[in-house]
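What follows is a single structure, written as structure tokens, with notes after it.
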2 protein chains.
Amino acid sequence: MAPSVKDVAAMAGVSIGTVSNVLNRPTKVSTDTRERVERAIRELGFIPSAPARNLRTKHARVLGLIVPDIGNPFFTEVARGVEDAALEAGYGVMLCNTDQRADREDQYLRLLESQRVGGILITPARRSMKPLDRLIAGGTAIALLDNSSPSRQACSVYVDDAMGGTIAATHLQDLGHSSIMWLAGPSDIPQVAEREAGILRFANEHDMTVIRIEAEQMSAEAGDRAMGAALSNKLSATALICANDLLALGAVRALTRAGLRVPQDISIVGYDDIDFAANAAVPLTSIRQPKYELGFAAAQLILQECESSEPHAHRQIRFEPQLVIRSSTSAPHT
Amino acid sequence: MAPSVKDVAAMAGVSIGTVSNVLNRPTKVSTDTRERVERAIRELGFIPSAPARNLRTKHARVLGLIVPDIGNPFFTEVARGVEDAALEAGYGVMLCNTDQRADREDQYLRLLESQRVGGILITPARRSMKPLDRLIAGGTAIALLDNSSPSRQACSVYVDDAMGGTIAATHLQDLGHSSIMWLAGPSDIPQVAEREAGILRFANEHDMTVIRIEAEQMSAEAGDRAMGAALSNKLSATALICANDLLALGAVRALTRAGLRVPQDISIVGYDDIDFAANAAVPLTSIRQPKYELGFAAAQLILQECESSEPHAHRQIRFEPQLVIRSSTSAPHT
DNA sequence: AGGTATGCTTGAAACGTTTCAAGTCTAGTG
DNA sequence: CACTAGACTTGAAACGTTTCAAGCATACCT
């Protein structure tokens, strides 16, 4: 049905090896042969079969992108960065949402392995790298996304989360807060743990007290529930840092329901600076992460590793977060 | 490196044909042979090569998903539906954002064609189906996503947009509004045109006046700009319907900046009911679309077409939108 | 003229599956 | 006991590329 190199070769009156050369090493072919072949390709509408190509070359020009939840605008933006870098290189991106479930992650890892993808970008759903080792051994490039664990096995790209936590705490201290609440996400998420470490270290050094509460997911609903629970336990503080903006949005909802005003009664700092943070009920002060750049850089790194045959030195790229001040923070009301 | 059927066959002491049978038609194989083969597969950690398989079977167990912008929460949810349905069937999903650009759409179509994907789900960036025809001729299943154009060539899944427009206008009339503004998106987006048609028909039948303004994109920024421009042109009405929630969020921002209050000075109806609509500065009244279901149904339809060899009858699936009332609409202030 | 380097082209093997006609066994039948 | 039907297994071809050793001209050098 679809034309193959054979058809092109026949029409151009050359061997299939030559057609392949035109496709892959055009300089090795004389100008007029190449033109003849190119014309045949155009007339036939020939599009090379990736499966056939991959069968030989061992790896598909496809990247796997494994994230907890593309519904989280943070990852949506990361994905855009990945996609743009991939498309530039003629690669496709396979989208894999794990919902933080290890079984789903495994399932996708198997799928990607069977597809023989060239590289995988992953925000691991768990600490262990076990299942990745076989992939790496099999020659698949891996990059850890938004994860700083310095592995000798893979590249990684991340935003300095401890620094982000410190920036948030510093901002609140500057405003005059000395007692803050920290709305964490599930404690097994490394990014959250880092942010927490940054906050606690700063608080410790500056005599701030921190009340820790935890949401069971990184979603607005979970934030609403967790904050609601904290309020009914009479927990209070003049300021709140949330592990991400979604949580913050939920927390605002719970606070508003309880009759508290933001920032008059309580200041709130979010994390990620997703687009909606600016349009929220109270425009959110947040810690911005270079999301698109993160994805773009990760994809470039991994593409580099896929393409070059030379021994590749794994790299770590670190980005810095940045404070964005909006209306959800102010000096504590006295 | 990676083990192949050959290795499995050797270890299990059978021919490779038998291994293939175990994989694809287990019932044709005697129980103990199958067990032996399965053990070998497990011990070797054998994972079949999709490229090799696809080379024979002509089509990859992969779906292409072409959308304008995964950053739009509407499509994010649709994507989740698609992904879940695909994963259930062991298919992967290749994510393709077009940004409504025809050149990007073409590029992706070529990429997907070369990957020999089994099916493509597309929200076309333009009216023409031209470039899709070759794909269809080549045996690739196509489904139109969120697009009602009744094609004899492809399945389609959509939400009744005219009905959505009518629902929005009806709601405003019920509240007592008789002069409304309609913030449209680019006029070449079919969904927008349909919603508009629904609004205009209803307005026409009920003596409402409609002022039409247009944003050059379906984003919050574009909504902000378009609304700002309308305000400086002294356009006004007691109510506003927006082509989607993103636009509505932007419009709210522009209105707020101009000192107008929602809904006291102007009521607003959004479209899509994205999660953030509920958390917005003013919780948004909106027209809900079954986003996840839309994606899920589309993927199921196309998977069905991919898998079965029988002549496939293309189907259209229609969903109905639904009004969700929040705080952004009220009776006009007199 | 003989020799060698250079540029281009070719043909065939290999990649890892699926498919299917043909083959081997086994058990059942008359 | 000879036959046949059925159950299972095999071997080889085919899918569409890439790769590479080998071949063939042509041009250059001495």
Item to complete: Side-chain contact test, heavy atoms from C-beta onward, threshold under 4.5 Å: evaluate it for A:Asp106 versus A:Arg110 and give yes or no.
Response: yes
Worksheet item: Looking only at heavy atoms, which two atoms of B:Ala298 and B:Val157 are closest? And how far apart?
Response: CA-CG2, 3.7 Å
Using a cutoff of under 3.5 Å, can you pull out all pairs of nitrogen or oxygen atoms linking the protein to nucleotides 14-16 of chain D, with atom names and distances?
from: D:dA14; atom 1: N3; to: B:Arg56; atom 2: NH1; distance (Å): 2.7
from: D:dC15; atom 1: O3'; to: B:Lys58; atom 2: NZ; distance (Å): 3.0
from: D:dG16; atom 1: OP1; to: B:Lys58; atom 2: NZ; distance (Å): 3.2

Worksheet item: In residues 13-34 of chain B, which residues come under 4.0 Å of DNA chain C by heavy atom?
Response: B:Ile16, B:Gly17, B:Ser20, B:Asn24, B:Arg25
Worksheet item: What's the shortest heavy-atom distance between B:Ile47 and A:Ser114, and which atoms?
Response: CG2-CB, 3.4 Å
Worksheet entry | Check: A:Ile122 and A:Thr98 side chains under 4.5 Å, non-hydrogen atoms | no
Worksheet item: With sequence neighbours left out, which residue pairs that include part of residues 65-84 of chain B fulfil the salt bridge (Lys or Arg N to Asp or Glu O under 4.0 Å) condition?
Response: A:Asp69-B:Arg80, A:Arg80-B:Asp69, A:Asp99-B:Arg80, A:Arg104-B:Glu83, A:Arg104-B:Asp84
Fill in: Within residues 35-42 of chain A: residues closer than 4.0 Å to DNA chain D (heavy atoms)
none
Worksheet item: If we fit an axis to the first five pairs and another to the last five of the helix from C:dA1-D:dT30 to C:dG30-D:dC1, what angle do they make, to the nearest 10°?
Response: 50°
Worksheet, complete the sentence: CG (A:Leu112) and CD1 (A:Ile120) are apart, to the nearest 0.5 Å, by 4.5 Å
Close N or O pairs between protein and nucleotides 21-24 of chain C (under 3.5 Å):
none

Worksheet item: Is there side-chain contact between B:Leu145 and B:Ile66, with at least one heavy-atom pair below 4.5 Å?
Response: no
Look for any protein N or O under 3.5 Å of an N or O in nucleotides 22-25 of chain D and output each such pair with its distance, or none.
none

Worksheet entry | side chain to side chain donor-acceptor pair (under 3.5 Å) contacts touching residues 297-308 of chain B (sequence neighbours left out) | B:Tyr91-B:Glu307, B:Glu305-B:His312
Worksheet item: Can you name the closest pair of heavy atoms from A:Gln289 and A:Phe74 and give their distance?
Response: NE2-CE1, 3.5 Å
Item to complete: Taking all heavy atoms of B:Pro68 and all of B:Phe75, pick out the closest pair and write down the distance.
Response: CD-CZ, 3.5 Å
Discussion item. By the salt bridge (Lys or Arg N to Asp or Glu O under 4.0 Å) test, which pairs, at least two apart or in different chains, include something from residues 49-59 of chain A?
Written reply: none
Fill in: All side-chain hydrogen bond (donor to acceptor under 3.5 Å, both in side chains) counterparts of B:Arg101, not counting sequence neighbours
B:Asp103
Worksheet entry | Distance in Å, B:Arg25 CZ paired with B:Ser20 OG, rounded so as to fall on 0.5 Å steps | 6.0 Å
Worksheet item: Side chains of B:Val93 and B:Leu121: does their closest heavy-atom pair fall under 4.5 Å?
Response: no
Discussion item. Applying side chain to side chain donor-acceptor pair (under 3.5 Å) as the test, list every pair that has at least one member in residues 33-42 of chain A; sequence neighbours left out.
Written reply: A:Ser30-A:Thr33
Worksheet item: So, do B:Pro124 and B:Leu144 sit near enough that their side-chain heavy atoms are less than 4.5 Å apart?
Response: yes
Worksheet item: Among all residues two or more places apart in sequence or in another chain, which pass the ring pair (Phe, Tyr, Trp, His ring centres under 6.0 Å) test with B:His59?
Response: none
